[in-house]
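One structure is given below, encoded as structure tokens.
Please read these numbers as outputs of a predicted model, since none were measured by experiment. Along the sequence shown, residues carry numbers from 1.
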Amino acid sequence: MTKLQVRAFLYQLGTFAILFIAGRFIIAQYTGLTGFWIPVTSFIVATLIGPKFQAVKTKDGEKLFMKWIFIKGIREIG
């Protein structure tokens, strides 16, 4: 794995973890779900709304891109 691929993986993991933990507390507090369904629902929500990061080789070299449901199109990350 290249340096940018590792960076993309860490960004993906970090954003998922933040959304999963926040979602888990919000779901437990404000819904009637109990037991196994709290983390399952949080996993699905975090997977759907989390940004996607990918390292792509272009003619200018390898670049890091992000796609997110709340942003139109694909953005290049430094």
**OP:** With rounding to the nearest 0.5 Å, note down the distance linking CD1 in I77 to NZ in K63.
**Re:** 12.5 Å
**OP:** List the steps and the verdict of side-chain contact (heavy atoms from CB on, under 4.5 Å) for L48 and I69.
**Re:** CA-CA 8 Å; L48 291 176; I69 192 171; over 6 Å; no
Original post:
Looking at CD of E76 and CG of D60, how far apart are the two atoms once the value is rounded to the nearest 0.5 Å?
Top reply: 8.5 Å
**OP:** Show which residues join V56 in its hydrophobic cluster (side-chain heavy-atom contacts under 4.5 Å, direct or indirect), or state none.
**Re:** F65, I74
Original post:
Any chance CZ of F43 has more than 12 other-residue heavy atoms, nucleotides or ligands included, within less than 6.0 Å?
Top reply: no
Subject >> I38 to T34 - nearest heavy-atom pair and separation >> reply: CD1-CA, 4.1 Å
**OP:** Might you point out which heavy atoms bring G23 and S42 nearest each other, and give the distance in Å?
**Re:** C-OG, 3.6 Å
Original post:
Would a hydrophobic clustering, with Ile, Leu, Val, Met, Phe, Trp and Tyr connected at side-chain separations under 4.5 Å, put Y30 with I21?
Top reply: no
Original post:
Atom CE in M66, atom CZ in R75: separation rounded to 0.5 Å?
Top reply: 6.0 Å
Subject >> Contact summary for A46 and F20, nearest pair of heavy atoms >> reply: CB-N, 3.8 Å
Original post:
Can you name the residues that form a ring-ring contact (aromatic ring centres under 6.0 Å, His included) with F70, not counting sequence neighbours?
Top reply: W68
Subject >> Minimum heavy-atom distance G35-P39, with the two atoms named >> reply: O-CD, 3.4 Å
**OP:** Please answer: with hydrophobic residues joined when any side-chain heavy atoms are less than 4.5 Å apart, are L64 and I71 in the same cluster?
**Re:** yes
**OP:** Say whether V45 and I18 are linked into one hydrophobic cluster, either directly or through other cluster members, by side-chain heavy-atom distances under 4.5 angstrom.
**Re:** no
Side-chain donor-acceptor pairs under 3.5 Å in residues 3-14, sequence neighbours left out?
residue: Q5; atom: OE1; partner: T2; partner atom: N; Å: 2.9
residue: R7; atom: NE; partner: Y11; partner atom: OH; Å: 3.3
residue: Q12; atom: OE1; partner: F53; partner atom: N; Å: 2.9
residue: Q12; atom: NE2; partner: P51; partner atom: O; Å: 3.3

